[in-house]
Every structure is written in C-alpha cells, then in structure tokens.
Amino acid sequence: AQSVSQHNHHVILSEAASLELGCNYSYGGTVNLFWYVQYPGQHLQLLLKYFSGDPLVKGIKGFEAEFIKSKFSFNLRKPSVQWSDTAEYFCAVKTYNNNDMRFGAGTRLTVKP
Amino acid sequence: EAQVTQNPRYLITVTGKKLTVTCSQNMNHEYMSWYRQDPGLGLRQIYYSMNVEVTDKGDVPEGYKVSRKEKRNFPLILESPSPNQTSLYFCASSRTGLNTEAFFGQGTRLTVV
C-alpha cells in the first residue's frame with residue numbers, strides 16, 4: 001500500500017529563517033501531490049498542489065514545493081517564514097487507481113517572533 | 001460558496017451512547033470520505049463513498065458506520081462509542097479521478113468519556 005513519510009515531526013524556527021519540510025511517498029505510478037496546512041483550531045486548507053507539468057509549484061502565502069519524481073519527493077519550502085506560519089503541515093498523495101488521499105503524519109512548525 | 005459542513009463542531013458523550021456526525025457538501029461531488037486525526041498519526045481514512053449507495057472501508061473502519069443515501073450527505077455513525085474513538089474527525093469531498101483536490105469540513109472534536 002502506498003505511504004507518505006514526513007521526516008520532521010516538529011520544526012522550530014525564528015522569523016525570517018528559511019523552511020524546508022520533507023515529504024516522500026512510496027507509490028510508483030501517476031500521482032497527485034498536495035500540501036495542506038492546519039492553523040491551530042482550524043480545518044485543513046490547501047497550500048499547493050501538483051498535478052502535472054512544471055515540477056516546481058507555487059502556492060499561497062509564499063510557499064512552494066518541488067516534485068522530484070526520481071526521489072519520490074515533494075518537499076515544501078518557504079524562503080522566509082513568519083510567526084503567522086505557525087501551524088501543522090500535511091503532505092498528501094492521491095493515486096491514479098483510486099480516489100484515496102493518503103496523508104503523512106504531519107509536521108508541526110513553530111515560528112518564534 | 002463551496003463548502004463542506006460538519007456538525008457538531010464539538011461533542012462530549014459517554015461510552016455506548018450512539019451518535020451521528022453529519023457532513024454535507026454543496027459542490028455536487030461524487031466522492032466523500034471521513035478521516036480521523038490523531039497526534040503523530042496524521043489523518044487516517046475511516047470510510048469513503050464513490051457515489052450514492054456506494055461506500056467502502058478505509059484504513060480504520062472498526063466501530064464506525066456510514067451511509068450515502070443522497071449525494072450531498074455522508075453521515076458518520078458511532079453505534080457504541082468508546083474512549084479510543086476520542087479524536088478530531090474531518091469530512092472531505094472531491095470529484096472522482098485524478099487532478100482534483102479535496103475540500104475539508106471544519107472538523108468535529110469528539111470526546112468519549
């Protein structure tokens with residue numbers, strides 16, 4: 001069965017630091033890739049998605065992610081984080097042969113002012 | 001406005017008392033699913049539905065039931081809740097197939113005492 005791995009459980013950064021959150025998946029076929037963000041006490045919101053085409057995708061709030069097919073990775077990046085980016089971030093994968101969306105365990109980001 | 005609506009947002013109940021969490025979407029999506037979110041485990045799928053009268057088990061279906069009598073509604077039923085079902089629950093909907101994103105409800109925080 002496909003799985004999604006997020007390497008960091010909790011990341012603590014100071015404001016203006018750069019961010020990279022790792023995500024790897026185990027499915028070898030055609031995939032859709034997503035990053036969702038969950039602010040404290042809120043529901044999941046889509047940050048960005050990759051369906052096809054340019055492997056570098058840009059999302060909301062200055063986030064971007066790069067799909068590297070050979071590494072089965074879809075890492076999330078932001079050059080300069082803000083205190084308001086404090087949240088939990090989930091990587092998710094959707095595969096061709098079903099509609100299931102598989103989630104990673106999540107990475108909690110704390111940004112210190 | 002496109003949305004997925006869950007009710008209630010918060011619920012405290014006692015062991016064994018049947019409860020239903022409702023989920024409704026206004027986007028005419030075929031696919032709907034339920035997830036539970038637990039710390040360190042990310043989101044795990046409980047049940048999903050590909051269309052009206054078509055439901056199937058996800059990864060953690062034990063102790064839950066669902067029904068899909070209408071396209072817009074997908075209630076989650078706990079016939080006899082137990083404390084290990086204390087969790088944060090999310091309903092999601094999407095069109096079927098690849099190149100579609102999922103939309104999430106606001107979440108239901110359930111506590112079973």
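Residue numbers begin at 1 in each chain, while the letters A, B, ... track the order of the sequences.
- Cluster annotation: B:Tyr31 is not connected to B:Tyr64 through the hydrophobic network of ILVMFWY side chains, with a link wherever side-chain heavy atoms come within less than 4.5 Å.
- With hydrogens and angles disregarded, a donor-acceptor distance shorter than 3.5 Å links the side chain of A:Lys94 to the backbone of B:Gly97.
- The contact between B:Gln45 and chain A is made entirely by side chain atoms (from C-beta outward), counting heavy-atom distances below 4.5 Å.
- Summarising the geometry of A:Phe34 relative to B:Thr100, their closest heavy-atom pair is CZ-O, 3.4 Å, with the distance given to 0.1 Å.
- Residue B:Leu41 touches chain A through its backbone alone, counting heavy-atom pairs closer than 4.5 Å.
- The part of A:Leu46 that comes within reach of chain B is its side chain, from C-beta onward, which places non-hydrogen atoms under 4.5 angstrom from that chain.
- Looking at A:Glu88, only its side chain comes within 4.5 Å of chain B, counting heavy atoms on both sides.
- Residue contact with chain B, scored on non-hydrogen atoms closer than 4.5 Å, involves the side chain of A:Gln38 exclusively.
- Using a 4.5 Å cut-off on side-chain heavy atoms (C-beta onward), B:Tyr48 and A:Met101 make no contact.
- Clustering ILVMFWY residues whenever any of their side-chain heavy atoms sit less than 4.5 angstrom apart, transitively, puts A:Phe63 in the very cluster that holds A:Phe74.
- Looking at B:Arg95, only its backbone comes within 4.5 Å of chain A, counting heavy atoms on both sides.
- Of the two parts of B:Ser94, only the side chain, counted from C-beta on, holds a non-hydrogen atom closer than 4.5 Å to a non-hydrogen atom of chain A.
- Shortest non-hydrogen contact noted between A:Ala105 and B:Gly40 is CB-O, 3.4 Å.
- Contact of A:Tyr36 with chain B is made through the side chain alone, with heavy-atom distances under 4.5 Å.
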> Passes side chain to side chain contact (heavy atoms under 4.5 Å, CB included), B:Phe103 versus A:His43? Steps please.
Replying inline: CA-CA 10 Å; B:Phe103 293 81; A:His43 66 297; over 6 Å; no
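- Under a hydrophobic-cluster definition in which Ile, Leu, Val, Met, Phe, Trp and Tyr are linked whenever side-chain heavy atoms come within less than 4.5 Å, directly or via other members, A:Ile60 and A:Val111 are assigned to the same cluster.
- Using a 4.5 Å cut-off between heavy atoms, B:Ser33 does not touch chain A at all.
- Residue A:Asn32 holds its CG atom at 10.5 Å from CD of B:Glu101, rounded to the nearest 0.5 Å.
- There is no contact between B:Gln6 and chain A, counting heavy-atom distances below 4.5 Å.
- Following chains of ILVMFWY side-chain contacts shorter than 4.5 Å, one cannot reach B:Val4 starting from B:Leu110, and the two form parts of different hydrophobic clusters.
- Cluster membership for B:Met50 and B:Phe74, using ILVMFWY side-chain heavy atoms within less than 4.5 angstrom, is not shared.
- Counting heavy atoms from C-beta outward, B:Arg44 and A:Arg102 have side chains that stay 4.5 Å or more apart.
- Interface residue B:Asp59: only side-chain heavy atoms are found under 4.5 Å from chain A.
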